[in-house]
Every structure is written in C-alpha cells, then in structure tokens.
Protein chains: 2
Amino acid sequence: MLEQKHLALLDEAKRRGQPETGLRLCLEILALSSAIDRDCAARLAPHQLSEGKFVLLFLLHDRPEGLSPHELAERAGVTRATITGLLDGLERDGFLARHAGLEDRRKVSVRLSAKGQAAARVLFDEHTKWIATLFAGFNADDRQMFGDLLRRVWQNLDPTVTQASAQAAEPG
Amino acid sequence: MLEQKHLALLDEAKRRGQPETGLRLCLEILALSSAIDRDCAARLAPHQLSEGKFVLLFLLHDRPEGLSPHELAERAGVTRATITGLLDGLERDGFLARHAGLEDRRKVSVRLSAKGQAAARVLFDEHTKWIATLFAGFNADDRQMFGDLLRRVWQNLDPTVTQASAQAAEPG
DNA sequence: GCCATATAGTATGGCACCGTACTATATGTC
DNA sequence: GACATATAGTACGGTGCCATACTATATGGC
C-alpha cells in the first residue's frame, strides 16, 4: 500500500534509527491519494480527458452562455495560463469552442459542444458513483471519525502554505 | 480545507441532487495530500530541490560506490527517463556527478558531491521531523484507527490500477 | 479626449512525470 | 566469432502545472 519511494524513505529512516511514528501513516495518506488520482486518470484517459479537463467540462455543463477562461481559472483553482492549455486540448478534441466576447472584446466565452455536454453529463455521474464505491462499507461513524482525523492533520500544516489553490495569494 | 475544484465538484453534485456520502470525505483526503505535497515542495524549493530530487539524494546518501540511473529508477518508482531529467538538474546544481561505469560500460555510477552529502544528511532529518509534527497529538490508538480507515479505502480501489509505481507493469 | 492603470487571454519557458524510440554495450546461441 | 536479443542511458515529444512577460481592450482621473 506504499510506493517505491515511500519504502525507500522508510528504509532510510530505519537505517538512521528514527521511529516510524507518524511517518508511515503520512506516507500511506500520500500513497492512497496518488492511487486514487491514478485510478481517476485511468478512467478518464479513454475519453481523451484528464482530471483538469474533466473539471472544466462539468464547470461548463448546462451553461449555454458559457464561462470565460478567467472564471474557469478561478473556479478550478489554477492559473489562466493552465486554462489556456486545457482549453487548447479540449477544443482540439471537439469538447468545446471559444467564442469571441461581444460586450467586452477582451473576453472569450467558452461553451461546450454537444459532445462536451454529453461527456459532462455521463462522466460526472460515473465519477461520483465511483468515488462512492471507494467508501463502501463506511457508516456515518466511520466517516465522521475519518474526517476528524484528517482535520487534525490539516491543522498541523504550515498555515502559510496551506492556503494555496486560492490562486490570488497577493504577496506583500 | 478543500480546493476550488473540489468545491466546484461538490456544488455540481448538490445541483444534481446527489448525496455527499463519501464524496466530501474523498475530496478531503485528496486536498490534504495536495497540501502536504505543496508544503513539502515549499520546504525543499529554497535548496533548489523538488520531492523527486530529494528522494534521489537520500537514496545516494552514504553510498560512496554510487548507484546507476537504472537502480535509482527502480527504487524511486519512476521511469529511467524521469531519472535522466532529475539527474541533469542535480548535476547542474552540483549535488552529484555521473561517473562512467568500469565493468559494464553501459552503466553510469551516480555519486553525491560533498554538497549533496551535506544536503541529504540535513534535509532528511528535517523532513521526517516535519512529518512527525503533522501528527502531533496523535496517540497510538488514533494512528491505528487512521491506518485502518485508509486501508479500507485502499481495498476498494480498482486492483488493476492500484499496483502502479511498481514501474514494471508487464502487460499481458 | 488622453494617459496611467487594470484586466483578459495567450505565449514562452521551466519542471516533473510519462511513453516511445534511439544508441551503445553486453550476453547467449549457434 | 557472428548475430539476435536484452539492457543501460538518453533524446524527443506530450501533459499538466507554474511564473513571467506580452498584446489587446477597458476604465478612471484629469
């Protein structure tokens, strides 16, 4: 349930006579997340989609007026530059199209094609259903306990770095 | 404690009238891991190191005879191509050097410089100490419980994708 | 109306990862 | 010893992410 690099790290810690306390547990969290991400990527790849592209798809779903790259960046929590790249791929593969802005001529309206709409509709449900299966066998108490434990780690994280993905870190 | 994209996903799920069961919890695991990775990266960046480079550093530490790129790839759980890139950066920044193999002339022996040795020695301890602080306040029972919950999710993951990072998936 | 400034989108270059393809060397078989 | 095959390392191109810098358009102050 760990990755190679994690085993290596544990080995080195043992070699240095350090206790495993917390270390293994932390690596298990990271390994589980990576495994979930890999699994997610593997599910989307056959559709020519990545996780980032999938997010844009459902952000645009049922939104005939479209969204601007700027809004997409804010809601997805990535930079506008990243959005440009994802849109290039999605447009190339026929999931959406960029339309020139009418009021503000700097703006672009991004709208799903029929293919994009269909993909968003179907894949979102598939995705959430799949995630639900990961927690098969968990009752409300288990979930409560799990969430509490996660939050306790979260609170120990360096608060200066933690806020990331808010995109506008506005330094100084 | 969630990222923008996770909030968007939860919103969309709510809009579709789907239950949150498991979904929010899953996103919290992913968000926590990302936060830990970000924090880790932020700690290493001032030393011109990434997490991948850091792994190579401690794999090579106290190993005067060095390791080959091939062995590094196996132990780090990434491809040889990735190792080439990491070594390029580490060599450029003076952490290590490539030495021609003597017995097998295809092989290269990668060995840390004094700077690399020093960095590996200091940073590894810093790193594990930092991780330990993330679990401050956790007693043995908490850790046991946490690990059990993680393992239960792990077992629900698609077994065909789960094995990744073993590098040699040897298809068919 | 004019200019400084802000904003929208993109381009460019960097990083860490991958898959694939290539070169050089080693090895096993005949 | 020659040749098919395997292995070591790298090159190349692709992805998703970032920071930075650039162009076009909008806006506020005068």
Side-chain angles (χ1 to χ4, degrees), chain A residues 3-5 34 37-38 40-42 44-45 47-56 66-74 76-93 98-110 161 164-171, chain B residues 3-5 34 37-38 40-42 44-45 47-56 66-74 76-93 98-110 161 164-171:
Chain A
E3 303 181 3
Q4 281 307 121
K5 62 179 176 185
S34 299
D37 282 342
R38 267 197 311 272
C40 176
L44 293 173
H47 305 276
Q48 277 72 251
L49 291 173
S50 63
E51 200 204 313
K53 287 175 177 170
F54 172 67
V55 170
L56 298 195
L67 284 174
S68 69
H70 178 82
E71 292 169 306
L72 289 170
E74 275 186 345
V78 297
T79 62
R80 286 169 296 148
T82 298
I83 295 292
T84 296
L86 295 175
L87 291 180
D88 286 349
L90 286 166
E91 191 164 26
R92 180 197 61 204
D93 294 338
R98 288 166 162 112
H99 301 267
L102 300 179
E103 292 188 3
D104 189 332
R105 285 173 47 200
R106 293 169 305 179
K107 284 198 178 172
V108 162
S109 165
V110 180
V161 187
S165 164
Q167 160 109 1
E170 36 198 318
Chain B
E3 305 181 0
Q4 280 307 121
K5 62 179 176 185
S34 299
D37 282 342
R38 267 198 310 274
C40 176
L44 292 173
H47 306 275
Q48 278 71 251
L49 290 173
S50 63
E51 200 204 316
K53 287 174 178 171
F54 172 67
V55 169
L56 298 194
L67 285 174
S68 69
H70 177 84
E71 292 168 308
L72 289 170
E74 274 186 348
V78 297
T79 61
R80 286 169 295 148
T82 298
I83 294 292
T84 296
L86 294 175
L87 291 181
D88 287 348
L90 286 166
E91 190 165 26
R92 180 198 60 205
D93 294 337
R98 288 165 162 113
H99 301 267
L102 300 178
E103 292 187 4
D104 189 332
R105 283 172 48 200
R106 294 170 303 181
K107 285 198 179 173
V108 162
S109 165
V110 180
V161 188
S165 166
Q167 160 109 5
E170 36 199 315

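Reminder, nothing fancy here: chain letters follow the sequence lines and each chain counts from 1.
Contact annotation: the side chain of Arg80(A) approaches that of His70(A) to within less than 4.5 Å [non-hydrogen atoms, C-beta and beyond].
Atom-to-atom, CG of Leu90(B) to P of dC15(C) comes out at 11 Å; the value is rounded to the nearest Å. A straight line from CZ of Arg38(A) to P of dC18(C) spans 10 Å, rounded to a whole angstrom. Glu74(A) has its CD atom 14 Å from the C1' atom of dG9(C), to the nearest Å. Atom pair Lys5(A):NZ and dA16(C):P shows a separation of 12 Å (rounding to whole Å applied). For the pair Arg105(A) CZ and dT27(D) P, the interatomic distance rounds to 12 Å; values are reported in whole Å. Atom P of nucleotide dA8(D) and atom CG of Leu72(B) are separated by 12 Å, given to the nearest angstrom.
Listed here is the closest heavy atom pair of Ser109(B) and Gly66(B): OG-CA, 3.9 Å. Nearest heavy atoms, Pro69(A) versus Leu87(A): CG-CD1, 4.0 Å. For the pair Lys5(B) and Ala76(A), the tightest heavy-atom approach, listed with the atom from each and the gap, is CB-O, 3.6 Å.
Residues passing the salt bridge (charged side-chain N to carboxylate O under 4.0 Å, His left out) test with Glu71(A), sequence neighbours excluded: none. For Asp93(A), there are no salt bridge (charged side-chain N to carboxylate O under 4.0 Å, His left out) partners two or more places apart in sequence or in a different chain. Legend: residues meeting salt bridge (charged side-chain N to carboxylate O under 4.0 Å, His left out) with Asp88(B), ordered by chain and number and at least two apart, are Arg98(B). For Lys53(B), the side-chain contact (heavy atoms from CB on, under 4.5 Å) partners two or more places apart in sequence, or in a different chain, are Leu49(B), Ser50(B), Leu86(B), Leu90(B), Arg92(B).
Residue contacts shown for Gln48(B) are absent, as no nucleic acid heavy atom lies under 4.0 Å away.
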Can you check nucleotides 13-16 of chain D for protein contacts, nitrogen or oxygen pairs under 3.5 Å, and list what you find?
residue	atom	partner	partner atom	Å
dT15(D)	OP1	Arg92(A)	NH1	3.4
dG16(D)	OP1	Ser50(A)	OG	2.5

Polar atom pairs (N or O), protein with nucleotides 9-11 of chain D, under 3.5 Å:
residue	atom	partner	partner atom	Å
dG9(D)	OP1	Val108(B)	N	2.9
dG9(D)	OP1	Val108(B)	O	3.4
dG9(D)	OP2	His70(B)	N	2.6
dG9(D)	N7	Arg80(B)	NH1	2.6
dT10(D)	OP1	Arg98(B)	NE	2.9
dT10(D)	OP2	Thr84(B)	OG1	3.3

